[in-house]
Structure formats: C-alpha cells, structure tokens
Amino acid sequence: MKTKITAIIALFLLSFSATAQIDRSVQPKPGPAPTITLEVPGEFELKNGLKVLVVENHKLPRVSYSLRIDNQPKVEGEIAGVSGILGSMLGNGTTSITKDQFNEEIDFLGASLSFGSSSAFGSSLTKYSERILELMTDATMNPLLTEEEFQKEKEKAIEGLKSSAKSVDAVASRVGDALSFGKKHPYGEFITEESLNNITLDNVRAFYQENFNPNNAYLVIVGDVDFRTVEKQVKKFFKKWDKGIDVTKNIPQPYINVNATEINFVDMPNAVQSNISITSNVKLEMGDPDYHAVLIANKILGGGFNSYLNMNLREVHGYTYGARSSVGTDRYGAARFTAGAQVRNAVTDSAVVESLKEIKRIKTEKVSAEDLRNAKAKYVGDFVLALEQPSTIARYALNIKLNNLPSDFYKTYLTKINAVTADDVQRVANKYFTEQNARVIVVGKGSEVVSNLEKTGIPVKYFDAFANSVSKPVFSKPIPAGITAQTVVDGYIKAIGGETTLQNVTTLVQEMSASFQGQNMAMTLKQKSPNLMSTDVSIIGMGSVFKQAFNGETGYMAQMGNKQPMPADAIAKSKAKTALFDELGLMTNSSLKVSLDSIETVDGNDAYVLVIEDKDGESTKNYYDVTSGLKIKSVSKGKGPGGQEITQERTFGDYKEVSGIKFPHVTSVPMGGQNVELKVTAIKVNEPLTTADFE
Amino acid sequence: MKKNLFSLAALLLAGFAANAQEVKFEEYDLSNGMHVILHQDNTAPVVTTSVMYHVGAKDEQPDRTGMAHFFEHLLFEGTENIERGEWFKIVTSNGGSNNANTTDDRTYYYEVFPSNSLELGLWMESERLMHPIINQIGVDTQNEVVKEEKRLRVDNAPYGKFIEEIKLNIFKKHPYKGTTIGKMAHLDAASLEEFQAFNKKFYVPNNAVLVVAGDIDVPATKKMIEDYFGPIPRGEDIVRNFPKEDPITETIKAKAYDSNIQIPAIMAAYRTPAMTERDAYVLDMLSSYLSSGKTSKLYKKLVDDKKMALQVGAFNQSQEDYGTYILYGLPLGDNSLESLLAEIDEELVKVQNELMSERDYQKLQNQFENDFVSSNSSVSGIANSLARYYMLFDDVNLINNEINIYRSITREEIQAVAKKYLNPNQRVVLEYLPVAKEEE
C-alpha cells in the first residue's frame with residue numbers, strides 16, 4: 001500500500017515538472033562552457049633532419065602515419081606534371097620488393113598507403129602498424145621507378161586531363177590560378193598534354209632526388225602507439241635516409257592585381273551553370289597580426305551559410321546552391337582572395353553584380369554586433385568540434401612549425417578571435433577584399449550569358465580554357481524547331497512592310513551623311529527596278545570623290561575622277577538582281593545557296609544568321625533580329641581585285657517608316673579602326689527617275 | 001626477401017580477433033512512438049543530435065518525384081518558434097554545424113554542438129518535427145535552390161547522370177526507378193497543400209528515430225528528450241506496399257549521353273536483394289575482391305597489367321528494398337567499351353567457376369576488419385550508423401556485430417552469390433557516351 005502511494009506522488013511530480021519546466025517558445029540558453037584541453041604532441045628529431053610528432057590516442061586500435069616534405073614551391077615549366085607523375089609512381093614497390101609483392105602485402109593487411117609528390121600517408125590496424133611504417137619508409141627511401149610504370153602513369157595522366165577537359169569547375173580552377181598568379185608561377189602553371197609528353201623518366205628521377213629528402217620533412221604519427229616504442233621504430237627505419245642538398249630558388253612573383261575590375265570570360269558551350277569567381281591576390285601569412293580579423297571578416301562575407309554572399313545569392317535570390325568566399329595564406333607571398341558561386345546561366349550577370357555588392361558592403365558598412373558575435377561563435381565552436389579528432393592537435397603543432405608561429409598560437413587563438421572588433425573587420429576587408437580591382441573569372445556558356453555580362457558595364461576579356469587571351473568568340477545558339485531560312489526571310493519582309501508594299505516600289509533614293517576623319521561626306525544611293533543602281537559620294541568642299549553606276553547593261557566606277565568600266569563578272573552579278581529589296585527574290589534565286597546557320601548575339605540581341613553563297617564562292621551573312629525580324633547586320637566576303645579576301649560589314653539601326661516601309665536610318669561601317677555612321681537625311685520612294693540617273 | 005616472408009608469417013599468426021572499442025548505447029520508445037537511441041562518449045566536449053525519418057524518394061507519388069529531398073530543404077525554413085532565416089544563425093551562433101541528406105529510403109537531419117548546447121539541439125529538432133512552417137515563400141525559394149543543386153551535382157558534373165540512367169533501366173515498377181533529386185517539373189507542379197500533406201503523413205514521431213551521441217549526462221538527456229519530444233502527437237501509421245520487380249531475364253542494352261565528358265564509360269548493372277539480406281553482405285565482399293586496392297582483380301588486370309582502363313570498379317549500392325550491383329570501366333586510349341566489358345566479364349566468370357584462394361579470402365577479411373574499426377571513428381558517424389541500423393535494419397546491435405556477418409561468409413558463398421545474381425542475362429549494359437560536338 002505504502003509503495004503505491006509513493007509511486008503516485010512520484011508520477012504526479014514528474015508530470016508536473018514536465019509541463020512546467022520548459023517554454024519552447026524561448027530558445028534554450030547554452031549551459032556553462034565546457035572546458036577544453038589542448039594537448040601537445042610528443043616530438044623528436046632525427047640527425048638527418050626528419051622531425052617527428054606523435055599523438056597517442058588509444059580509443060581505436062589503429063595508427064596513421066603522415067609524411068610531409070616541406071619544400072619550396074617549384075616551377076615545373078616545360079615538364080609541368082613531373083611531380084604528379086612521381087607521386088603516382090611512388091608506393092609501387094621498392095628496390096628490394098617487387099611492385100606486385102609490395103601492393104599485395106599492403107592490401108592483404110587491409111591497410112592503406114599512398115604517396116603524393118611530396119607526401120605519404122599510411123594507416124592500418126595497430127597490429128600491422130610497424131610493418132606499414134617499414135613499408136612506407138622503404139618506399140620513401142628506395143622507390144622502384146621503372147620505365148614501364150612511368151609510361152603507364154604518363155598515359156593515365158594524359159587520359160585524366162581528357163576526362164576533365166569538359167568540366168567547368170576544372171577549367172575554372174586552372175584558369176583562375178593561371179590568370180591570378182601567372183602561368184610561370186608555381187601556383188599558376190598547369191599541366192598540359194604537351195608538358196606531360198615532354199617528361200622523361202630521368203626528369204622524374206631527378207625530381208625525386210632533389211625533393212624527397214629528410215631535411216625539411218615532418219612525420220606525424222597519430223593513434224594507438226606508445227611513444228617510446230614508435231620512436232625506436234622510426235629511428236630504426238628512417239635513419240638511413242640521407243640528408244639532401246637544400247635547394248633554395250627564387251620564386252617568381254605573382255601577377256599584380258588589375259587596375260580596374262574586369263570580367264575574364266571562358267566559353268564552355270556545354271555548361272548549364274556558370275562558375276563565377278571574383279578574385280585578387282593577397283599577401284597574408286598565418287602569423288600576420290591581421291590573420292584572426294581576416295578569418296572573421298571572411299566568415300561574415302562568405303565563410304558559411306549565414307554569410308552575406310550566401311544569404312543574398314542563395315536565400316534571397318535562389319541563384320545558387322551555395323556562395324562562398326575564401327582568403328588564402330601563403331608563406332611565399334602568393335595567396336588569393338576569392339568570392340564566388342556556381343549559378344545557372346540566366347542569372348550569371350545578376351550574380352556577379354550582387355556578389356560585388358556584398359564585397360562592397362563589408363568594406364563600407366560596419367558589421368552588425370550580431371553578425372560579428374555569430375561569426376566568432378562559429379570559430380569557437382569549430383575549434384571545440386575539431387578537438388574530437390586526435391589528428392587536430394598534430395595539425396596544430398605542424399602548423400606552428402611550418403609557419404614559424406609562436407608556440408602559444410593555438411592557446412591564444414580563441415582569445416584573439418574574440419578580440420576582433422567591427423572596426424577590425426572593416427579595416428581588413430578594405431585591405432584584403434577587392435571589388436574595384438578584381439578579376440571576375442566566369443566560365444560558362446557564352447551564347448547564353450555573355451550578352452548580359454556585357455550589359456553590366458564591366459569590361460569583358462576573353463580567354464580560352466588554358467588562360468590564353470582570345471578575341472571575343474562567336475556564340476551561337478541552336479535554332480528552334482520550325483524556323484527555316486524561308487520563315488526568317490518572310491519575317492523580315494513582313495517586318496519592313498510586307499511583300500505587296502515592297503513590290504510596288506519602282507524607284508528608291510536614299511540620301512545619307514557621315515563624318516569621317518573630320519570631314520563631312522554626303523552619299524546618294526539611287527535604285528530603279530529591276531537592277532539599275534548608282535552611288536555618289538561627295539565630300540563637302542571637294543565635290544564628288546566616288547561614283548558607281550549600272551544602267552542595266554553596263555556600268556563604271558570612278559574614284560577621284562579616275563573612271564574604270566565595270567568588270568564582266570560584276571556586270572553579270574548586277575544583272576542577276578531581280579528586285580530592289582534583296583530578300584524579295586532571294587529564296588527563288590537558283591544561283592544562290594541560302595541557309596539558316598545559327599542564332600548569334602549581335603550587340604546583346606539574338607539574331608538569326610542567314611548565309612547566302614553564290615557560285616563564285618562569295619558569301620554574305622545576314623543577321624535578322626529574332627524578336628523584331630529586322631535585318632540588323634550584314635557581312636559580305638568576297639575577292640578583291642588582287643585576289644585577296646575582302647570583308648565588308650554593315651550594321652543597321654534606327655528603323656523608321658517611310659511610305660509604309662521601314663528603312664534603317666543609321667548604317668554603321670567599320671573603317672580604319674573606327675565605325676563610320678551613315679545617317680539618312682532623306683528617303684524618297686517612287687520618285688520619278690530616268691536612265692540618265694544611272695549613266 | 002626472407003625477412004619479408006618472415007614478418008608476414010608472424011602477422012598471420014597474430015590472429016584476427018576484433019578489438020575495436022564496443023559502441024555502448026541505450027534505446028527506448030517515447031509514448032508517441034518515437035524511438036530514441038543514446039550513446040555516451042565524454043572524451044571530447046561535443047554532442048550530436050540527429051533525427052532520421054523513414055521517408056525517402058521511394059515514398060513519393062510517381063508524379064511528384066523530388067518531394068522527399070525537397071523537404072530536406074524546406075524543413076530549415078523555420079518553425080512556429082524559429083523564425084524564417086534564423087535556423088542556420090542559431091546553429092552558427094552557438095558554434096555548431098549542421099546538415100541533412102536524403103536517399104531513396106530515408107531523410108537524415110543532424111547538428112553537432114559543443115556539449116553545453118545539447119538542449120538547443122533537441123529543441124531545434126523537436127521544433128522541426130512538431131510544427132514547421134510550410135508556406136509559399138519557403139517553397140518558392142527552395143525550389144530555385146534545389147534546381148541549382150541539380151545543375152551542380154547532376155547536369156554540370158562529369159558522369160553525373162550515370163546512376164540515374166542505370167536506375168531507370170534496372171527498375172521498371174519499383175520507385176527506385178526515379179532519382180532522389182526528382183523531376184523539376186514535378187516540384188514546379190506541386191501545390192502548397194501537397195507539401196503540407198506530405199509533412200503531415202511522414203514527419204511524425206512514430207516514423208522517426210532520435211539519436212543523441214557524445215558528451216552527455218544520460219538521465220538529464222532523457223528528461224530533456226521527454227520535455228521536447230514527448231508532447232508531439234503520434235501520427236497515423238504509414239503503410240508501405242511497393243510493387244515487386246519481375247526478374248531481368250535478358251540483357252537490357254542502353255545508351256546515355258553526357259556533354260561534360262570526353263572519355264566514355266561502360267557499365268554493367270545487376271539487380272540484387274535488399275540490404276538486410278545476407279546475400280547483400282556477400283556482394284559487398286565480392287565488390288572488394290574485384291576492385292578494392294591495387295591488387296584487386298579488376299584493377300590489377302585492367303588498369304595495371306593490360307593498361308586497358310583508366311578506371312575500373314565494382315560497387316554494391318545497397319538499399320532497403322533492392323540493391324544494385326554495378327561494374328564500370330573507363331577505357332584508356334583506343335580500347336573499345338566492348339573489349340573492356342569482355343575483360344570484366346572474364347573475371348566474373350572466374351569468380352563463378354573457381355573458388356577464390358585462401359589468401360585472397362583472408363585479405364578480404366582483413367580489409368573488412370579495418371573498415372569496421374574505422375567506421376566508428378567519429379561520434380557523428382556513430383550517430384548516423386545507430387539511426388541507420390535501427391531504421392533500415394531493425395537491429396541497432398549491428399553497430400558492433402555486423403563484422404560477424406562478414407566473418408561468417410565463406411568462399412563458397414561468394415561463389416554461389418556470383419552465380420546467382422551476376423549473369424549476363426540479368427543485367428543492364430549501359431554505354432555512357434560523350435555528346436558529339438554540336439549535337440547538344
């Protein structure tokens with residue numbers, strides 16, 4: 001009986017407390033901060049210079065070894081890729097163990113062992129750990145570098161390049177480094193099929209000799225080991241590793257930043273997203289007094305989900321899956337600030353503009369107390385969370401050595417993070433983040449994004465996928481179903497007035513004026529159906545300087561009074577004309593081949609490209625605006641008198657109606673590096689003209 | 001040379017008993033049907049709070065694919081007590097990390113916090129389950145984000161569409177035939193009411209497991225869990241009745257094109273049993289035998305010795321209702337896809353006709369033991385495994401015992417399973433090709 005009563009009371013109290021204690025409308029406050037301990041790894045150094053860090057952690061029965069050779073960055077130049085080939089060849093046997101035996105043993109132990117061009121990593125269960133260390137040592141000191149392996153790895157590297165050739169992100173990364181640092185800088189150079197083909201086995205061996213030395217090497221051991229035991233093992237295995245010669249070379253300086261922000265565009269027609277990265281070079285080291293403030297400033301700008309960039313581009317606009325920024329640190333003065341995202345084609349220009357805006361914002365507006373507090377809290381949290389991995393304290397210790405940091409760098413880390421002020425953030429943002437002299441590297445589908453990028457007003461420069469400067473490529477788009485040469489021509493005729501209206505035109509006089517090299521010109525073009533034509537160009541004060549006429553049978557050309565008869569082929573061509581408006585007889589003219597080629601962008605507007613070829617191989621490309629149907633550009637290619645190719649380009653604008661027909665009132669012709677604009681002063685339709693007008 | 005053999009022999013004698021630390025855990029149900037698993041590990045002041053919901057792409061209506069993954073985005077938009085846009089700020093401002101992911105079978109949400117923010121993590125997950133705000137603004141914003149995610153991970157990614165193409169061919173009736181990310185047109189067509197109905201149906205405590213792992217005090221944690229999750233009402237039971245696939249009896253040949261690649265790939269895919277079946281474990285071992293490590297059969301032969309392939313591999317994609325066993329190769333130089341497939345097939349036939357060597361078998365056992373030890377190396381990884389073993393395997397003890405299943409698999413069994421599932425007439429052969437220039 002008694003026990004029952006207690007039970008009821010207990011239950012009552014429990015339910016009471018359950019309903020009374022929490023108020024879920026209020027965000028729970030954190031409890032007292034957990035204490036963290038920052039252990040220090042054990043250390044020792046071999047006579048040959050190899051430095052060893054040991055973190056004992058017995059939670060799981062496994063051990064990892066990480067070897068890092070801290071050489072200066074090195075230009076590989078003509079044989080770029082040699083370090084990568086070496087990395088892929090290492091760890092495949094030693095001078096005393098064949099490749100097959102070596103790999104078989106690693107696999108058999110369920111272990112892993114891999115090499116990079118200046119690193120090695122091995123891991124295994126504790127029970128096999130000594131053997132793995134021994135194999136790793138042997139492969140480091142006595143690698144088997146055979147011609148057969150070399151050829152195979154080279155071939156794989158070439159195929160590997162191909163497999164990423166169409167990857168937008170791979171191209172963006174290569175071009176970004178090359179344009180920022182320069183192709184001759186260790187961080188800017190890249191591997192090409194050619195450079196891979198230049199590499200010989202001797203190059204690889206030489207690279208190994210020069211770089212794989214204990215002088216600047218660090219071995220980090222983490223896991224289920226006993227310090228004394230592993231120290232003995234390391235000394236036994238690595239003592240025979242000979243000290244190499246320290247090669248110190250001058251590292252080329254990275255490029256200086258551009259004077260004014262420019263877009264560097266790389267066309268990848270297969271892209272469905274543009275890879276945008278706003279970048280400039282910075283000089284920042286971990287030991288710099290600005291370091292902690294830069295971390296916080298970057299966290300606020302683009303270092304996480306709640307950053308300015310991500311909140312704008314992802315959460316407000318839905319342009320991207322994620323937008324981020326980063327600031328690198330480098331001991332050799334070559335690091336980059338980058339801000340960017342991968343965004344769908346249609347919003348590429350907007351994403352560029354919004355990103356630049358956010359960079360400007362962090363430089364001009366003081367960060368809110370809340371954003372600053374949150375950014376710091378995230379760093380504190382990450383610091384705590386990282387301590388779960390035993391490798392963290394090894395990484396910290398290694399960073400201190402590699403970057404010549406004070407030994408209390410990580411002990412004071414959180415204090416320094418917490419000391420960063422809003423003023424600090426703004427100051428370092430202005431020092432390290434750029435929106436006024438940045439490269440905006442965009443890799444994407446030109447036909448869909450370039451015309452809008454041009455409209456941002458930021459100058460656009462073009463590069464190929466290997467960071468070579470190129471002239472603006474022609475971006476073409478696929479033609480929608482149902483659109484043919486016929487529909488385009490019909491659309492144009494309809495747009496300027498309709499077939500009936502045009503066919504009723506028997507004569508046409510167009511008077512135009514232009515200014516060229518300080519001189520004012522006047523031009524009169526007369527036409528009479530079916531094919532009579534005369535052109536007269538005069539300069540004010542000089543009179544007629546050029547005249548051309550065709551009377552239906554013969555014609556001539558006169559330049560500064562020097563008169564020449566029209567050549568036979570030109571007469572034939574003039575005779576073949578059947579209408580005043582070229583498009584009227586175009587589709588039925590059997591001597592011409594007319595085809596609809598593509599859609600290209602002309603001054604930001606999509607245009608159908610119609611190609612007209614005649615039997616002599618002369619061709620004209622007419623561009624008809626997709627929306628209005630009007631002809632906006634025409635490019636003719638033909639042979640000049642000396643057989644050389646002559647290209648004549650005209651763009652048409654300012655269409656206005658005269659007698660029910662739309663005529664372009666401005667025709668622009670490139671001449672001597674600039675555009676000459678011919679402006680219509682008068683158009684007369686069906687003005688009586690006589691044959692005298694064409695003599 | 002002698003020395004090498006000696007040390008190897010010594011290792012063999014060392015035996016293969018697992019001595020990985022046992023993962024201790026406690027599990028129970030709340031009265032609303034929510035399952036709870038606790039794992040205490042006080043070595044670092046870090047705690048993971050996570051909830052796995054038994055809803056994935058296979059639970060979607062055929063004309064509303066992508067819904068489950070869409071929720072993984074939508075349920076960060078806010079709740080009755082967490083304003084829109086605040087979710088990530090709360091996590092960040094307390095030094096935490098969080099994320100979520102979706103498969104065909106389940107959806108998983110988690111936070112990792114310094115351990116003094118345990119209550120915060122529980123509050124957030126309980127808010128998400130109890131009363132998320134699902135409105136048009138959230139749907140519209142996340143619609144764009146999901147489309148970008150698809151462009152990033154699928155449309156713009158080299159070889160990004162191959163799983164999709166294989167699933168499409170290997171499943172004819174079961175919803176595994178679709179993709180997790182789904183069709184964008186379906187998401188565009190979904191009404192707000194449909195999103196709300198999906199939430200009501202699947203985001204209920206009786207369809208979820210809560211895991212709290214790390215630096216916790218168990219009684220205090222239990223009390224908080226009851227406080228925050230106890231008041232959430234139970235939902236209706238979910239009935240799953242997916243169509244069964246007919247066996248594949250003739251090779252299905254398929255082609256797919258990818259504008260992001262230059263090197264083609266050949267893939268052979270086989271439909272295999274559910275992840276809980278013993279045969280699925282056997283197939284895992286077979287994958288390792290064929291392609292894990294430099295001395296695995298396919299890698300050694302095709303990449304190393306014959307130099308016919310840039311890459312070759314096998315993997316067993318295990319899922320709740322079926323698995324898909326995929327072999328693939330990327331040819332090197334002028335080698336044809338057919339020749340690569342013929343070489344792969346030759347190895348398969350060997351596995352079917354000959355018993356693997358004792359040494360190869362031991363190698364496999366060693367590899368699986370190594371993987372087993374490493375699989376429990378982080379607390380957040382343990383949390384994920386605990387939730388997964390409960391929800392999809394109905395046996396949380398697998399976190400410690402799964403290695404015993406692999407240990408019990410014999411060479412004869414591996415041979416038998418290869419014979420049973422991996423025959424040419426039971427598969428899809430997919431030629432995954434670059435798009436020729438101008439042909440987009």
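Per chain, numbering begins at 1; letters A, B, ... match sequence-line order.
- With 3.5 Å as the limit, one finds no donor-acceptor pair spanning the side chains of A:S25 and B:N81.
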Is there a side-chain hydrogen bond (donor to acceptor under 3.5 Å, both in side chains) between A:R62 and B:S374 once you walk through the steps?
CA-CA 8 Å; A:R62 58 177 192 160; B:S374 297; 3.2 Å; yes

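- Ion pairing between a basic and an acidic side chain is recognised when a charged N comes within 4.0 Å of a carboxylate O; B:D227 and A:R24 show no such pairing.
- When atom types are taken as modelled, the side chain of B:N156 and the backbone of A:V272 share a donor-acceptor pair closer than 3.5 angstrom.
- With a 4.5 angstrom heavy-atom cutoff, B:S377 touches chain A via backbone and side-chain atoms both.
- For B:D258, no part sits under 4.5 Å from any heavy atom of chain A, backbone or side chain.
- Remark: B:K89 does not engage A:D371 in a salt bridge, criterion side-chain N to carboxylate O under 4.0 Å.
- The pair A:E148-B:K307 counts as a salt bridge, with a side-chain nitrogen and a carboxylate oxygen less than 4.0 angstrom apart.
- For B:K300, the part lying under 4.5 angstrom from a heavy atom of chain A is the side chain only.
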Walk me through whether B:E119 and A:K29 qualify under salt bridge (Lys or Arg N to Asp or Glu O under 4.0 Å).
CA-CA 8 Å; B:E119 187 179 354; A:K29 295 262 177 300; over 6 Å; no

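- Contacts between B:P231 and chain A at a heavy-atom distance below 4.5 Å are absent for every atom of the residue.
- Between B:K294 and A:E104 there is no salt bridge, since no side-chain N of the basic residue sits under 4.0 Å from a carboxylate O of the acidic one.
- No part of B:M124 comes within reach of chain A, as not one of its non-hydrogen atoms sits under 4.5 angstrom from that chain.
- Salt bridge present: B:E369 and A:K127 bring a charged side-chain N and a carboxylate O closer than 4.0 Å.
- Between the B:K363 side chain and the A:G110 main chain, no donor and acceptor come within less than 3.5 Å of each other.
- With a 4.5 Å cut-off on non-hydrogen atoms, B:P158 touches chain A through its side chain but not through its backbone.
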